[in-house]
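Worksheet: one structure, shown below.
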Amino acid sequence: MRLGSRGALALFGIGAAGGLVGDACHVATGTTTYLDATLPFIWKSQLWFPVAVGLATVTTGELRLRLGPPRSGRDPAEAVTAIGSVVALYALSAVVTDEDPLAATVLIWTLAIVIAARFGGGMPALACAASAAVLGPLAEILVVEADLARYAQSADGLIGVAEWLPALYFAFGIVAARLAEILMPR
Amino acid sequence: MRLGSRGALALFGIGAAGGLVGDACHVATGTTTYLDATLPFIWKSQLWFPVAVGLATVTTGELRLRLGPPRSGRDPAEAVTAIGSVVALYALSAVVTDEDPLAATVLIWTLAIVIAARFGGGMPALACAASAAVLGPLAEILVVEADLARYAQSADGLIGVAEWLPALYFAFGIVAARLAEILMPR
Amino acid sequence: MRLGSRGALALFGIGAAGGLVGDACHVATGTTTYLDATLPFIWKSQLWFPVAVGLATVTTGELRLRLGPPRSGRDPAEAVTAIGSVVALYALSAVVTDEDPLAATVLIWTLAIVIAARFGGGMPALACAASAAVLGPLAEILVVEADLARYAQSADGLIGVAEWLPALYFAFGIVAARLAEILMPR
């Protein structure tokens, strides 16, 4: 694994923690509701959720490093800003859930594109973002189909998941790719 | 024309597309409502709207290039961030329409000033922003007076248009000026 | 005083003005309500409020300069962006007052951390931010206990003050510290 064990562990922890924080916002505002309580809850999330986000972060980061040589720069402040940007976008999506879906979707997509322009780096990062934007919502559609959780009626227009969900995963993919570049062993 | 035909065409397209996206948000949340359907609709806008925004973008960009030599730097990522910033501000103004006008106005103005500090460049850009902040709302006041469209009651305190409208046009002027610098022929 | 009289005066003015603007947003959206009108009102604030914020800005800036040598860079645009960022966060906190406290708190904290990563500079700035994040809410708790003002029911979960208040003061501390570096005499 090009991430190395430390890089993978760090990405897993960042993804799981960020997922827990964002998901707590979604549950708090009613954007999402868990329908199943088979596993224990960690804060407001079923145990499988932070594990899935952590693994997705590691997978996306590893994909980034296999797609091409990392860009330079290992500024810890950039890592903090990148993580903060996507967690802020996550929290913002929880806050605008009751707004008109079109306006919410344009807002989240536009900010996702700003995040991509700031932290993205050419085709490898774009490929990570695009695959996250497709696979992430697809996985959540399966979660909804399996009656494990559901989205609020004001935010379930995309086969049961939120219209802005691909944008959030797009930003996630950009940031996971950048973190992989910053955290990889050298 | 200092923009050149390609630069003018690009600015027209960017302005028209951005206008359509932002206006769709305004219509979706009820910030604005069209009262006249003489011309065909393009998505949620009457045809004259994207044309007017496109022409305003070209005019503002051309004004920028006549006011002084362009600054250096032609980074495509900066263009994407600049466009994204003003479209995000546009969408945000749609989302906060039902909030208190003072808080909404302070929020939009403050973010417009942050955009100006990031993308602005001295007096030429400031002149573009100031003229857009005056002429844009003035044009929209005429649109409202002509009963072509109206603003929501919660956002019509400035002679019938939104209190935060000058701030949105201020940011538009800054970004149109910067795009002109980036897109002009060299 | 390491700020010098001009630097202290500038910081006082910036803090008082920013406080007035942000407080007007809080009063307008009902986030806070003054319960006492002994002193005259300046715009929407009791006179003591801008004075207190101005003094806190000077004190935080002076603390910064005593904790270590200032970083380089005196870009006026950076000062404008720093001030704009914290005023925007202030206005945003007014706009999300009726949202779920957890989502609002995550949003404000995350943006405060992004502001810290952008404008902060090592331990001295962090110490200013941490002390502001503790002392600011503490002072406001005393204001609430003294029945001078109160927070809305949807935003009074932290001993009577808003849950996100420490995050707002954290960002304030970062920005006051950076402004002190920019404004100090050299």
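Because the structure is a prediction, the values reported are computed rather than measured. Atoms considered below: every heavy atom in the structure, side chains included; atoms not considered: hydrogens, waters and symmetry mates. Proteins get letters first, then strands, A, B, ... in listed order; numbering begins at 1 in each.
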Who among C:G120, C:A117, C:P101 has the most heavy-atom pairs with chain A under 4.5 Å? C:A117
Looking at C:R71, I'd like to know if its CZ atom is crowded, meaning that more than 12 non-hydrogen atoms belonging to other residues, nucleotides or ligands lie closer than 6.0 Å. yes
Would the number of heavy atoms belonging to other residues, nucleotides or ligands and lying under 6.0 Å from CZ of C:R74 be above 12? yes
Test side-chain contact (heavy atoms from CB on, under 4.5 Å) applied to A:W43 and C:L102, step by step: CA-CA 12 Å; A:W43 197 5; C:L102 175 63; 3.7 Å; yes
Nearest heavy-atom contact between C:L111 and A:A88 is CD2-CB, 3.8 Å
If you take all heavy atoms of A:C25 and C:A103, which pair is closest and at what distance? SG-CA, 3.7 Å
Greatest number of non-hydrogen atom pairs under 4.5 angstrom with chain C, of A:V95, A:D98, A:T81, A:V80, falls to A:V95
Is the CE atom of C:M123 crowded by more than 12 outside heavy atoms at less than 6.0 Å? no
Nearest-0.5 Å distance, OG1 of residue C:T110 to CD1 of residue A:I83: 11.0 Å
Between A:L92 and C:L107 the two heavy atoms that sit nearest each other are N-CD1, 3.9 Å
